[in-house]
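Structure first, then comments.
We number each residue from 1, following the sequence as shown.
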Amino acid sequence: MLRKLLLGMLCIFSISVSAQDYFFKKFQPFDSKIQSPEEFLGHGIGERHTRHDLIVAYMDYLAQNSERASYLEYGKTYEGRKLVILTVTSPENLNNLDALKEQHLEYTDPNKTATDYDNLPVFINLGYNVHGNEPSGGEAAILMAYTLVASNNPEILNYLNNGVIFIDPTINPDGRDRHTQWANMYQGNPLVADPQDAEHNEYWPRGRTNHYWFDLNRDWYLAIHPESRGKLKWYHQWYPNVVTDFHEMGTQSTYFFEPMKANGSLDPIMPKENYEDLNNLFGDYFAKALDSIGSFYFTKEVFDGTYPGYGSSYPDLQGGLALLFEQASSRGHKQTTAFGEITFPFTIRNQYVSSIATIKAAVENKGTLRKYQQDFFKSALTNASRSKIRAYAFENKFDDNRTKAFLDKLLLHKIEVYKSGDTYTIPTRQPQYRMVQSVFETYEKFRDSVYYDASAWSLANFYNINYKSTSSSNLGEKLTDLEGLVNPMAIQKTEYAYVVDYDDYNAVAALNHMQEKGLVVSSSFKPFTAKTTAGDKKFNYGALVVPVSLQKKDSDEVFNIIKEAQDSYSVPIYAVNSGYSIQGIDLGSRYVQPVTKPKAAMIIGDGVRSYEAGEVWHLLDTRVHMPITKIPMRNFDRANLDKYNTLVMVSGNYKFSKKTLEKIKNWANKGNTLITIGSATKWAIEKKLVKEKLTDAEKDTTAIVERKPYVDAPENLGKERVGGAIFKVDLDVTHPLAFGYRDTAIPVYKNNTVWLVPSKNEYATVAKYAADPHIDGFITKKNLEENLKPSASLIVSKVGSGRAVLFADNPNFRGSWYGTNRLFLNAIFLGDKIRIPE
């Protein structure tokens with residue numbers, strides 16, 4: 001029996017495509033006036049990896065030549081590639097789409113009582129290729145577009161009459177093209193199935209991520225990148241009933257569809273009808289479709305939809321049904337597995353068949369889906385009314401730009417926000433109540449202990465928003481946009497000096513701008529109160545001072561540069577006509593020190609965690625507009641480090657020779673700054689680059705080891721990882737790394753098991769975990785009590801005449817940790833000013 005099973009799977013995996021009938025023969029006849037993918041592209045689907053521009057061109061072609069389709073560009077990537085959606089439905093529906101949309105949106109309004117559930121077409125969003133090197137989805141999208149546009153089969157015509165299908169063929173075009181180029185460049189003729197062949201092994205950073213090496217499948221909720229922001233704006237115009245999320249996984253696997261592993265939350269905010277009733281309903285359709293072509297699959301074992309930022313979870317919090325699919329990858333065109341050879345066409349076929357099954361299930365259950373969506377938004381108000389919390393409120397008097405960035409995310413998710421004076425209030429009783437919960441609620445108890453991804457995502461903590469729950473009904477005026485939200489008083493010209501308020505998030509970008517333009521800028525290492533042309537003003541640690549008479553430029557040039565900085569970054573800048581302060585240090589004090597212009601480099605390449613490297617690159621590129629040299633690991637031995645005063649090492653597996661290690665140490669010893677994050681910090685300690693220690697909870701080696709079931713090993717070992725949780729640290733706000741902060745307690749994000757012993761130097765521990773550190777997310781009691789609580793989050797350690805800034809945690813996590821970005825940026829701009837007392 002087993003032999004027959006293996007032979008059957010071998011036959012399935014080894015199918016090659018000689019004609020497109022392999023995919024859609026059952027949906028004949030096709031309109032001969034519409035070119036098939038093979039006719040348009042010049043190659044059969046699965047024979048090559050299709051470039052993104054050709055996918056876009058084909059979508060546009062279909063829209064231009066069919067009454068069933070329309071084409072929309074909803075954004076562009078960092079590299080300028082188009083983000084597109086092809087809308088396909090019956091000609092009658094397409095001509096009446098605005099009216100259908102208006103009717104559809106009534107079911108998302110809890111104040112309306114529409115009941116025509118079955119007579120309105122169901123709205124389906126087929127989303128593909130969010131990970132660039134998981135290309136089978138993008139190819140399946142081409143096949144789906146052709147089938148829906150050109151087939152005159154009664155089954156397809158029924159779907160078009162009863163559904164509006166939005167095809168998003170490539171959610172991550174930059175990553176896809178990176179992988180497409182690789183796979184086509186190394187494609188052999190004949191094909192090489194050996195897993196060790198170059199075709200199946202991309203070079204760093206590989207095609208999974210976008211331009212800045214971010215995982216876009218984590219960004220629906222965080223909304224940092226143009227791909228996600230464009231999609232979210234589109235999404236909240238349509239609120240589709242069903243959304244697909246097609247992925248690939250390891251070559252040795254089979255196929256996955258939902259239901260997923262049980263939700264990790266103790267009391268999920270997602271309705272049970274979603275993750276049980278609807279998932280099981282659709283699961284029967286997928287099983288039947290895949291059984292019909294002999295494909296093997298599994299459900300429920302892995303993956304979870306707990307984190308709300310996936311393409312397979314965010315729509316679940318918008319009244320839709322989000323569906324995850326994972327196909328074993330051929331990682332090229334053909335590859336050997338334990339079951340034979342898996343081919344690219346075979347992987348595409350499973351995705352295509354599942355796409356058809358999704359439409360079939362949605363159309364046949366459209367009334368159920370629409371009623372569910374209506375109930376979802378009505379239950380949001382009901383659930384909010386049952387909560388003791390009526391609203392969340394916060395104010396931020398010192399950092400308008402960080403506040404604006406946070407509010408931008410709330411408005412993008414259609415969360416209602418009100419403003420009264422300096423106070424912002426977010427009521428819980430609103431249609432987006434579940435998103436409000438995601439943003440503000442924190443948790444200590446969980447159903448599960450092993451997470452596919454993060455176990456904490458309270459967005460307010462990402463932005464270091466000091467919020468509180470309130471029962472106040474004084475909401476103020478509803479915020480509809482962010483226009484004019486940050487409006488600093490226009491700077492006046494002076495012949496003496498300008499002072500920049502360093503509390504503002506954008507102050508670092510303003511500093512970089514002024515340095516790039518040739519100004520000498522100083523930083524205040526003590527607070528002071530100055531008489532400015534706008535009145536008396538108290539400045540915090542780190543205030544930037546630009547003396548006019550000491551510049552190599554005349555006062556007009558200096559003023560123009562200062563004004564450019566304010567206009568570009570909306571930072572508060574003040575003019576002063578005297579260096580004599582009302583309180584605190586004077587402007588000529590020795591505590592006002594010139595800031596050295598950073599010349600930064602970062603090690604990248606094999607062994608380096610590309611996500612963290614991308615976060616650094618993205619932060620400096622897009623918010624500070626400061627260049628950083630990215631030195632590939634393969635070139636590092638011969639790189640001239642004397643060109644730089646700052647070197648960044650993110651988490652990774654650094655296997656340097658003793659000679660290279662000495663090179664780094666000697667460079668730092670010259671007065672330069674080494675910045676390490678996560679496992680790079682652990683590496684620096686283990687290689688004795690610094691005289692610090694790692695927390696090592698004592699283990700009783702004599703204790704009898706408890707015997708446990710073998711099958712439980714993955715769960716038991718997995719829970720000891722810190723997959724992503726939020727903790728409170730005690731911050732020394734007088735330290736240069738903490739300039740710009742006012743609160744000594746701030747949240748940090750931890751997704752590693754790097755534990756630092758606080759420095760023996762009394763002045764070197766910048767941030768230590770608080771006595772009661774837990775804010776949000778899962779951590780075992782052992783890790784919390786024995787590892788985290790005794791440890792430090794941020795240390796500065798002396799390296800000769802230089803220093804190492806050691807981050808145990810990632811201050812730039814997913815480009816969204818505005819609350820700790822400043823610690824990292826201060827390390828770059830102020831690192832050389834840190835003097836570690838002996």
Decide yes or no on salt bridge (Lys or Arg N to Asp or Glu O under 4.0 Å) for Lys728 and Asp772, but give the supporting numbers first. CA-CA 8 Å; Lys728 185 194 303 179; Asp772 184 16; 5.9 Å; no

Phe406 vs Phe394, test: ring pair (Phe, Tyr, Trp, His ring centres under 6.0 Å). Steps then yes/no. CA-CA 11 Å; Phe406 176 61; Phe394 69 92; 5.6 Å; yes

Can [X] and [Y] be counted as having a side-chain donor-acceptor contact under 3.5 angstrom?
X	Y	result
Arg390	Ser471	no
Lys409	Tyr463	yes
Tyr749	Asn461	no
Ser228	Asp219	yes
Asn464	Tyr818	no
Asn761	Ser759	no
Asn810	Glu615	yes
Asp832	Thr596	yes
Tyr502	Asn826	yes
Tyr541	Arg742	no
Asp809	Ser793	yes
Asp215	Thr209	no
Gln593	Ser523	no
Glu692	Ser797	yes

More than 12 non-hydrogen atoms from neighbouring residues, nucleotides or ligands closer than 6.0 Å to CG on Asn466, yes or no?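 No.
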
Could you give me the CA-CA distance, side-chain angles and deciding distance for Asp408 and Arg229, then say whether salt bridge (Lys or Arg N to Asp or Glu O under 4.0 Å) is met? CA-CA 11 Å; Asp408 167 72; Arg229 295 181 66 85; 2.8 Å; yes

Is the closest side-chain heavy-atom distance between [X] and [Y] below 4.5 Å?
X	Y	answer
Met626	Ile828	yes
Thr646	Asn672	no
Asn783	Trp755	yes
Arg822	Arg402	no

Parallel, tilted or perpendicular: rings of Phe824 and Phe807 (30°, 60°):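 Geometry flag for Phe824 against Phe807: tilted rings.
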
Strictly under 6.0 Å, is that where the ring centroids of [X] and [Y] end up?
X	Y	result
Tyr467	Tyr424	no
Tyr78	His225	yes
Tyr574	Phe539	yes
Phe525	His735	no

Establish, for the pair Lys599 and Tyr644, whether the NZ or CZ atom is under 6.0 angstrom from the six-membered ring centre and no further than 45 degrees off its axis.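 Geometry flag: not set, cation outside 6.0 Å or 45°.
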
Lys781 and Glu785: salt bridge (Lys or Arg N to Asp or Glu O under 4.0 Å), yes or no, with the steps? CA-CA 6 Å; Lys781 183 177 180 180; Glu785 297 294 334; over 6 Å; no

Quick check for you: to the nearest 0.5 Å, what is the distance between [X] atom [atom1] and [Y] atom [atom2]?
X	Y	atom1	atom2	answer
Ile585	Lys526	CD1	NZ	7.5 Å
His513	His625	NE2	NE2	11.0 Å
Ile836	Lys798	CD1	NZ	6.5 Å

